[in-house]
Amino acid sequence: MNFGENKREGNKRTTMKTLMNGMARWLWGSFLLIPALLLVCVGTGAASEKKPFLDTIKSVDAPFDSRSVQQVQPVPQPTVVAKEEYQGGQFRVLARKEQIERHKCSNCHGEKEVKGKNAFTLTHGNVVVQHGREGSELACIDCHHPQDRDALEDKKGRKIDFDHSYQLCGQCHFRQKRDWLGGAHGKRVSYWAGERIIFNCTTCHDPHAPRFAKRFPATYSVPLN
Amino acid sequence: MSLQDNEKEMEKDKENKNTNEILADALADKSSRRSFIKNLSIGAAAASATLVTGCVPGADAAVSGEMRLRWQEFFKKNYRLMTEEEKEQTVSRLERLAALKDGLELQIGSEPPLPKVLYGYAFNITRCEGFMECVTACIKENNLDRKTHTQYIRIFEMEPGQLDPSTGDGKYFHEVPVENKFYMGTQCFHCENAPCTKACPTKATWREPDGIVVVDYDWCIGCRYCQAACPYFGRRFNWGKAEIPKEEITTKQHYLGNRLRPMGKMEKCTFCIQRTRKGRLPACVEACPTGSRVFGNLLDPDSEIRYVLKHKKVFRMKEELGTEPKFWYFID
């Protein structure tokens, strides 16, 4: 019995000893480890302080010639060189005049008398102006030139071509025009590369009712999984 | 006479040399495990064909041709390990297979990334009105399955003040836009530090040098680890081969893009790699009726996308994860 107890005690002692030994070793080890860990920490700290992705992108200022992309084809729609500057210089916009059904307007709006059977459409009875604050919508001559019907006129009395209507729209919608010139409003035609050709204001917006009409979406989604 | 003799001898020498070279090549070419299995399996296939049909395979030229193409396809490399020549070969094999099996005339490309180009995308949450033209254009362009209604793009109808699409309604179907709601689109964001590419056990998905994260559909084993790794729900798994009316199939394809995927593969938005590498806009950008989508080269200081990043208030989804998506949301 005694023998057994002693043995047990002895076991306890030995385990204590090994534990102490282990502790000492661990302590020594940790003394060595701490500076090593510190070094590692400093290292990772330095790594995490690298430039954010957005900043690295913004720091790229070498010019890129997007006309160097070979496969870009000319766009099928008629275009005109814009009369304004873009950050990269000259650009083109989609032409408008060809889209206007009865252009030129001076065919009717002239000296000679017009005798028409379809008086309703020929006098633009189909045009309902929904442009401007409700109840005080714009009148025709707010945009159209009062004398020369083949042109538009801005508030300063400048004659404006139908193809360059952004000059007219921009006098009220200057924020949109600024974004449009830069590329945050509107869109490019078909290609991200090649010469910059962008949609005109009137390509998307009906100048008589510029707000997009409410409608059903083109499709719907089913839940994932 | 002597001259002619000389010439003849030279020719003989040449022939000898050629045969010697071929022999040397054959000897030097250690039969690898792969080629051994290849030969073995071709032998097995031939044997089984003789058993089934009772005649030597090759009697029906068309079938054997298709068989050969399929075997060659089966033992091709990962796209990233292929040489330009091998890429062209696999692409032409795929075209021929499509012609043989389904009678489709496809133009599959393997255009490399353009130099000095890093694609970036911006989405205007003020302008989007939820018409979902982008979604239909994407389905059409990328040959998505019509049966399961797979879509790479999702549009969420959002309450004002919320910026997390998971709080929005992704299943709306009513007249849009609704007053006092805004719309937010999601898709694959093509992260610079993409977690999905790290999860793939077969290295079947990676980031291309122009920033597009792509999938090699023939090396994908369909384990869906990448889907689990993506924090943006940007990836889609196909449970079957896409069912598309034949006349609606987009025939201009890219190996890493909109080609017809086999069954059980992971697929996702590739920024329409088949278009963008030719300078065109992605289908969604071209289809958007509101101009909410801006696409361009991040390394071009004069590009529209750079203008947006410089002059607009932009944010990205789950930026804190450090995945660095190349897809920014912005407001007017």
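In the text below, chain A, chain B and the rest are named by the order of the sequence lines, each starting its count at 1.
A side-chain donor-acceptor contact under 3.5 Å links A:S106 and A:D150. Defined by atom type and a distance below 3.5 Å, a donor-acceptor pair is present between the side-chain atoms of B:E267 and B:Y152. A side-chain donor from one of A:S221 and B:Q151 sits under 3.5 Å from a side-chain acceptor of the other. At a cut-off of 3.5 Å, with distance as the only test, no side-chain donor of A:N200 or A:T202 sits close to an acceptor on the other residue. No hydrogens or angles considered: nothing links the side chains of B:T167 and B:D164 as a donor-acceptor pair under 3.5 Å. Under the 3.5 Å distance criterion, with hydrogens and angles disregarded, a donor-acceptor pair is assigned to the side chains of A:R92 and A:T79.
Between B:F295 and B:F271, the distance from one ring center to the other falls under 6.0 angstrom. Separation of the A:W192 and B:Y119 ring centroids falls under the 6.0 Å cut-off. Proximity of the aromatic rings of B:H190 and B:Y121 is defined here by a centroid distance below 6.0 angstrom, and this criterion is not met.
Only the side chain of B:E192 comes within less than 4.5 Å of a heavy atom in chain A; its backbone stays farther off. Within the 4.5 angstrom heavy-atom criterion, only side-chain atoms of B:R306, from C-beta onward, approach chain A. Contact of B:T290 with chain A is made through backbone and side chain together, with heavy-atom distances under 4.5 Å. The contact between B:A287 and chain A is made entirely by backbone atoms, counting heavy-atom distances below 4.5 Å. Of the two parts of B:V294, only the side chain, counted from C-beta on, holds a non-hydrogen atom closer than 4.5 Å to a non-hydrogen atom of chain A. In this structure, chain B has a heavy atom under 4.5 Å from the side chain of A:R196, while its backbone stays farther away. Only the side chain of B:K312 has a heavy atom closer than 4.5 Å to any heavy atom of chain A. Looking at B:C134, there are no atoms closer than 4.5 Å to chain A (heavy atoms on both sides), in backbone or side chain. Contact of B:L118 with chain A is made through the side chain alone, with heavy-atom distances under 4.5 Å. Within the 4.5 angstrom heavy-atom criterion, only backbone atoms of B:R277 (N, CA, C, O) approach chain A. The part of A:Q176 that comes within reach of chain B is its side chain, from C-beta onward, which places non-hydrogen atoms under 4.5 angstrom from that chain. Interface remark: B:R236 contributes side-chain atoms only to the contact with chain A (heavy atom separation under 4.5 Å).
For B:F233, the CZ atom counts as loosely surrounded, since its 6.0 Å shell holds 12 or fewer non-hydrogen atoms of other residues, nucleotides or ligands.
Interface check for chain B: of the options A:G183, A:S190, A:S68, the most heavy-atom pairs under 4.5 Å are formed by A:S190. Your options are B:V135, B:V178, B:L309, and the one with the most heavy-atom pairs under 4.5 Å with chain A is B:L309. Top candidate by heavy-atom pairs under 4.5 Å with chain A, chosen from B:E111, B:H174, B:K116, is B:H174. Looking only at heavy-atom pairs under 4.5 Å with chain A, the residue among B:T126, B:N124, B:I139, B:T136 that has the most is B:T136. When the candidates B:P289, B:A122, B:P282, B:G296 are compared by the number of heavy-atom contacts under 4.5 Å with chain A, B:P289 comes out ahead. Per-residue heavy-atom pair counts under 4.5 Å with chain A were compared for B:D332, B:L299, B:N193, and the maximum is reached by B:L299. Interface remark: of the candidates B:F330, B:W328, B:F237, B:W328 forms the most heavy-atom pairs closer than 4.5 Å to chain A. When A:V72, A:V69, A:D61, A:D179 are compared by the number of non-hydrogen pairs under 4.5 Å with chain B, A:D179 comes out ahead.
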Check your understanding: Under the salt bridge (Lys or Arg N to Asp or Glu O under 4.0 Å) criterion, do B:E129 and A:K214 qualify, and how do the steps go?
Key -> CA-CA 9 Å; B:E129 307 208 323; A:K214 271 194 177 194; over 6 Å; no
Review point. After noting the C-alpha distance and the side-chain angles of B:F131 and B:Y183, does the key distance pass the ring-ring contact (aromatic ring centres under 6.0 Å, His included) rule?
Key: CA-CA 9 Å; B:F131 294 135; B:Y183 298 85; 8.4 Å; no
